[in-house]
Amino acid sequence: MAAPGSAIKHTFSSLLKQKPPKTSPTKPRGAMAVSMREVDPVFQGAGQKDGLEIWRIEKLQAVPVPKETYGRFFTGDSYIILKTTALKNGSFRHDIHYWLGKDTSQDEAGTAAIKTVELDAALGGRAVQYREVQGNETEKFLSYFKPCIIPEEGGVASGFRHAEVNEREHKTRLFVCRGKHTVHVKEVPFARSSLNHDDIFILDTKSKIFQFNGSNSSIQERAKALEVVQYLKDTNHEGKCEVAAVEDGKLMADADAGEFWGLFGGFAPLPRKTFSELNGKDSASTSKLLCINKGQVAPINCETLTRELLDSTKCYLLDCGSEIYAWMGRETTLEERKRAGSAAEELLREGNRPKSHIIRLMEGFETVVFRSKFDKWPKKADAVVSDESRGKVAALLKRQGFNFKSPAKAAPVKQEPQPQIDCTGNLQVWRVNGSEKTFLSFSEQCKFYSGDCYIFQYTYPGENGDECLIGTWFGKKSVQEERSAATSLADKMIESLKFQAVLVRVYEGKEPIEFFPIFQNLVIYKGGTSTGYKKFVSENDIEDDTYSESRVALFRVQGSGPENMQAIQVDTAASSLNSSYCYILHDGDTVFTWIGNLSSSMDQELAERQLDVIKPNMQSRLLKEGSEYDQFWKLLGVKSEYSSQKIVRDQESDPHLFACTFSKGVLKVREIFNFTQDDLMTEDIFILDCHSCVFVWVGQHADTKIRAQALNIGEKFLELDILMENVSRETPLYVITEGSEPQYFTRFFTWDSAKSAMHGNSFERRLSIVRDGVKPRADKPKRRTTTSAHTGRSSVPDKSQRSRSMSFSPDRVRVRGRSPAFNALAANFENPSARNLSTPPPVVRKQPPKPVSPDSSKPPPRTTSIAAISASFERPKATLIPKSIKASPDANKPQTEASKPKPETNDKESNPTKDSQVATPAAQDVKESQADGVEEGLVYPYDRLRTSSTNPATDIDVTKRETYLSSSEFRERFGMTKEAFAKLPKWKQNRLKIALQLF
């Protein structure tokens with residue numbers, strides 16, 4: 001056999017004339033039938049880390065290119081470019097491109113094609129291979145070298161010399177730019193005849209760069225061309241030169257236009273594009289499948305393309321007009337794969353289609369676009385064989401004396417992304433009843449039913465001021481009418497906020513990671529209480545399984561900590577158990593806590609906390625898995641098998657950005673590769689898909705009619721399953737308006753908030769950046785208060801802020817305590833004579849005075865507008881605490897919007913003398929009040945602090961009622977001093993407060 005690399009001694013034409021090799025013995029199905037001896041050792045170690053690697057063909061051999069020259073191409077050369085991408089799942093994705101300059105020789109082009117196949121073999125046959133021709137490169141290839149590539153004259157072995165340019169002399173050059181999302185740049189003759197009305201032209205002179213915008217070009221094309229202007233400014237002028245924009249049709253009226261046309265000898269009418277120029281791409285045609293067998297190409301006659309037509313022992317060509325795909329079976333030889341690529345190039349030459357692309361694919365690593373050409377392509381299986389194949393290549397090269405490293409893997413993402421949202425904001429929740437929404441009191445807002453729909457509004461401090469999230473939650477058993485009503489009502493709320501809030505649509509069981517921390521402690525019951533659900537159950541004669549505390553019920557407890565825990569009612573059956581969780585089972589006053597063998601100590605602590613919510617003051621019998629009582633199994637019906645695998649939520653995958661066009665109900669998308677913030681054009685709508693959730697980004701200058709369809713566009717995207725990942729149509733869907741981007745969206749970019757705050761269209765913004773750079777926001781708002789290093793809470797008391805648990809502080813000893821949000825929910829069950837409010841209701845309160853600064857004295861526009869418009873929404877009355885009836889999921893009925901109290905003026909502010917009967921506190925009271933975060937000098941008698949008081953105190957932190965007692969009355973009621981009380985565990989404090997109606 002020939003020595004490694006001997007094949008490169010032949011010319012490309014001689015390679016084409018070689019006879020097919022003799023058929024080798026049949027290999028096991030799935031084996032990679034590659035002649036390893038023909039893999040060029042120059043590719044050893046390639047593709048083992050994220051990034052680019054480039055080789056140039058020199059004397060028909062692949063030679064590595066120095067990294068400092070990446071992005072510099074010569075028209076007389078051929079190159080091989082390997083892009084390695086480290087994926088979140090720990091594997092690598094490889095894309096190989098061989099780029100052919102317009103003046104490269106046929107032998108160099110053929111060598112590049114052959115070496116690309118060898119590089120793929122060295123990578124284990126996992127790469128997608130692209131043929132790139134100068135001037136007609138794929139968008140994926142150009143995305144590696146943003147904003148553009150501008151090939152230089154010259155070449156290595158083609159008889160050319162690289163252009164020698166005197167650095168002191170500047171050559172005036174004219175470029176044409178085409179592309180709305182990715183820019184194709186081509187140098188054209190410096191002549192007026194090169195200009196037209198349809199394209200963007202850049203004239204690079206010694207002292208000034210002109211951009212000529214054809215009258216038929218779009219704003220987005222003009223903005224993208226300015227990125228090329230910036231590149232030329234930095235590369236050719238060291239960032240120091242004037243930039244002028246010339247609009248087609250302004251003639252000599254503008255000074256820059258006059259100077260521009262003067263360089264062309266004066267103005268003259270521009271020619272129209274020729275027909276061939278208007279049709280830049282080779283026309284698409286009906287897809288044709290051809291089989292390559294033993295060097296012969298034969299068409300396959302079929303009505304529809306199916307996966308079953310592709311045989312692993314053969315190679316195929318799929319001719320789609322503008323692209324030709326070469327599909328290579330995993331059991332084919334390296335020589336057969338080379339010939340498949342050659343056959344594809346011959347097909348282009350015969351059809352005179354120089355602008356068509358050739359894309360070579362290995363079985364098991366097909367692209368989404370290729371798979372979409374077939375009818376019902378089966379779900380993509382994990383390609384395990386690839387690492388084995390790379391190992392074979394490494395082992396062979398080592399035996400031949402080459403120091404080839406073993407295949408490497410990317411470091412997998414070990415942890416799920418953490419919620420990128422501040423959890424100290426204000427939460428309001430409504431339940432949808434028919435076509436209306438009913439406001440839920442604070443004690444009810446963390447109790448959902450699977451048969452209902454809910455709307456929530458969450459306002460929280462963001463990086464640039466207050467941010468707002470409005471969402472809908474659809475229970476699994478909720479009716480379609482109420483889902484539609486919830487969507488409509490949420491849309492109206494977003495519109496009322498001038499689209500400055502983020503909208504999210506959430507389905508039960510598909511909640512995003514930001515959802516649960518907002519509620520902290522959420523209980524989801526079976527059944528429903530809404531009018532729509534009750535009507536549906538009645539009309540369809542379905543058993544109403546709405547939760548009742550007197551009946552048998554089973555809850556699965558889950559979560560990551562006291563600030564993120566849930567109790568979800570599941571079917572009362574043994575099959576609902578799971579060894580990885582803890583469960584609460586009750587039948588009236590009989591309560592069991594079941595501890596799965598695979599559950600953690602945190603799971604067990606959360607079960608204890610949830611027990612105080614679901615069955616407070618009840619003694620529970622602790623059962624470890626395997627030691628259950630007969631009574632336990634009797635309540636569950638029949639003992640049966642159950643799972644031990646933890647329920648895994650949809651994992652976040654590598655994000656994909658798509659530009660969208662939506663017309664007459666038809667959605668078309670175009671992927672933006674290697675995207676950045678600059679790709680988000682203010683005139684367009686984009687979709688960011690990370691599998692676990694989908695974001696629809698709407699530019700400020702997007703068409704108003706299209707903007708209103710943003711949620712519908714996202715639903716269409718999920719329906720189409722663009723990436724063919726069997727994505728659920730219940731995937732969380734966000735709608736984000738430009739300028740209101742939350743951190744859980746911007747984390748996918750290198751984000752500059754100054755850019756998102758700029759005014760004007762895309763072209764005007766980019767022109768401002770090119771001329772003056774990005775200026776920081778002059779009115780950039782700051783956080784309301786500084787935060788504590790340990791707890792994340794505001795260091796200045798803010799009564800409008802939701803009280804949060806301190807249990808995650810590293811300095812705090814973990815006890816069987818409760819978070820304030822947890823206490824709110826628990827007290828509703830525990831105290832039948834009091835309405836619990838462990839944190840202040842979401843009302844507009846007077847903020848504590850703050851130091852006046854240039855930033856704080858003028859509230860940020862976005863924060864002001866949200867606050868002003870939100871004030872018009874219905875809110876619970878701040879000062880009235882109505883008498884509570886027995887608090888249970890069955891009995892507690894929230895007020896309707898019509899009867900719900902409206903916000904009122906604070907009594908204390910309107911009548912300063914109202915509380916004059918309160919004695920001035922002693923110094924000790926003042927000190928203790930200050931230590932607890934209570935305003936200095938604020939003391940109330942016990943009768944006004946009780947939750948059942950007929951004359952309740954106003955303007956207090958209802959989570960700390962006891963701190964407003966005087967020291968003497970505190971000792972009288974609690975039987976201890978405030979200092980002694982503060983040292984008690986949280987759960988003991990809560991018990992005492994509950995008994996005194998101060999909880």
Side-chain angles (χ1 to χ4, degrees), residues 427-458 469-496 503-511 515 518-519 522-549 551 553 566-571 711-712 714-715 718-719 728-733 735 828 873-874 876 885 887-900:
L427 177 67
Q428 298 178 80
V429 183
W430 294 262
R431 180 186 295 126
V432 176
N433 280 308
S435 60
E436 298 180 352
K437 65 181 191 289
T438 302
F439 184 83
L440 299 184
S441 64
F442 185 84
S443 58
E444 291 292 309
Q445 68 182 15
C446 291
K447 294 186 293 186
F448 283 11
Y449 289 82
S450 290
D452 295 342
C453 296
Y454 296 84
I455 301 173
F456 61 91
Q457 177 179 337
Y458 183 61
L469 174 65
I470 293 176
T472 56
W473 184 90
F474 300 152
K476 291 180 179 179
K477 299 291 183 68
S478 59
V479 297
Q480 184 58 45
E481 292 80 2
E482 291 189 336
R483 292 183 180 184
S484 300
T487 301
S488 177
L489 292 167
D491 285 341
K492 291 178 181 177
M493 294 171 68
I494 291 287
E495 188 176 353
S496 298
L503 175 67
V504 61
R505 187 213 61 189
V506 179
Y507 282 89
E508 180 184 356
K510 292 288 185 178
E511 294 86 357
F515 179 80
I518 291 175
F519 290 84
L522 186 65
V523 180
I524 301 177
Y525 300 102
K526 281 181 168 292
T529 61
S530 68
T531 55
Y533 175 79
K534 293 298 185 184
K535 181 180 178 182
F536 177 80
V537 170
S538 175
E539 291 179 350
N540 293 274
D541 196 24
I542 299 173
E543 181 184 356
D544 189 352
D545 60 351
T546 302
Y547 171 77
S548 172
E549 59 183 10
R551 294 191 300 192
Q566 304 86 46
I568 301 173
Q569 187 178 1
V570 295
D571 292 337
L711 187 63
N712 189 26
E715 291 175 339
L718 292 175
E719 180 183 343
S728 170
R729 296 181 67 173
E730 296 182 353
T731 299
L733 192 58
V735 176
N828 191 44
F873 290 163
E874 317 84 22
I885 59 175
S888 70
D890 299 358
N892 238 328
K893 298 298 180 183
Q895 296 170 306
T896 61
E897 286 187 5
S899 62
K900 184 164 50 66

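Looking only at distances, no side-chain donor or acceptor of Ser538 sits under 3.5 Å from a matching main-chain atom of Lys535. Looking at Glu482, its side chain does come within 3.5 Å of a backbone N or O of Gly532 through a donor-acceptor pair.
Scanning all heavy atoms of the two residues, the minimum distance from Leu718 to Ser728 falls at CD2-O, 4.0 Å. Listed here is the closest heavy atom pair of Ala486 and Cys453: CB-CB, 4.3 Å. Contact detail for Asn433 and Thr531: the closest heavy-atom pair is OD1-N, 3.2 Å. A pairwise comparison of heavy atoms in Asn540 and Phe536 identifies ND2-O, 2.8 Å as the closest pair.
No option in Glu508, Gln569, Lys526 other than Glu508 meets the side chain to side chain donor-acceptor pair (under 3.5 Å) test with Ser450.
With no hydrogens or angles considered, a side-chain donor-acceptor pair links Ser478 and Arg483 at under 3.5 Å. Side-chain contact check for Asp452 and Ser530: at least one donor-acceptor pair (N or O, by modelled atom type) lies under 3.5 Å. A donor atom on one side chain and an acceptor atom on the other are not found under 3.5 Å apart for Gln445 and Trp430.
The side-chain contact (heavy atoms from CB on, under 4.5 Å) test applied to Asp544 returns Tyr533, Lys534, Val537, Thr546, not counting sequence neighbours. Val504 pairs by the side-chain contact (heavy atoms from CB on, under 4.5 Å) definition with Phe456, Leu469, Val506, Tyr734, not counting sequence neighbours. Taking the side-chain contact (heavy atoms from CB on, under 4.5 Å) definition, one finds that Leu489 meets it with Lys437, Ile455, sequence neighbours left out.
Classified by interplanar angle (parallel below 30°, tilted 30° to 60°, perpendicular above 60°), the ring pair Phe515/Trp473 is parallel.
Using a 4.0 Å cut-off between a side-chain N of Lys or Arg and a carboxylate O of Asp or Glu, Glu444 and Lys447 qualify as a salt bridge. A salt bridge is defined here as a Lys NZ or Arg NE, NH1 or NH2 lying under 4.0 Å from an Asp or Glu carboxylate O, and Arg729 with Glu719 meets this definition. Using a cut-off of 4.0 Å between Lys/Arg side-chain N and Asp/Glu carboxylate O, Arg505 and Glu730 are scored as not salt-bridged.
The structure places CD1 of Ile518 at 11.5 Å from CD of Gln457, a figure rounded to the nearest 0.5 Å. Interatomic distance, Leu440 CG to Cys446 SG, rounded to the nearest 0.5 Å: 10.0 Å. In this structure, OG on Ser435 lies 11.0 Å from CD on Glu481, to the nearest 0.5 angstrom.
Taking the six-membered ring for Trp and the full ring otherwise, the centers of Phe448 and Tyr454 sit less than 6.0 Å from each other.
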Passes side chain to side chain contact (heavy atoms under 4.5 Å, CB included), Lys477 versus Tyr449? Steps please. CA-CA 9 Å; Lys477 299 291 183 68; Tyr449 289 82; over 6 Å; no

Evaluate the criterion side chain to side chain contact (heavy atoms under 4.5 Å, CB included) for residue pair Ile524 and Gln566; output intermediate values, then yes/no. CA-CA 8 Å; Ile524 301 177; Gln566 304 86 46; 5.9 Å; no

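You'll find the side chain of Leu503 reaches within 4.5 Å of the side chain of Asp491, heavy atoms only.
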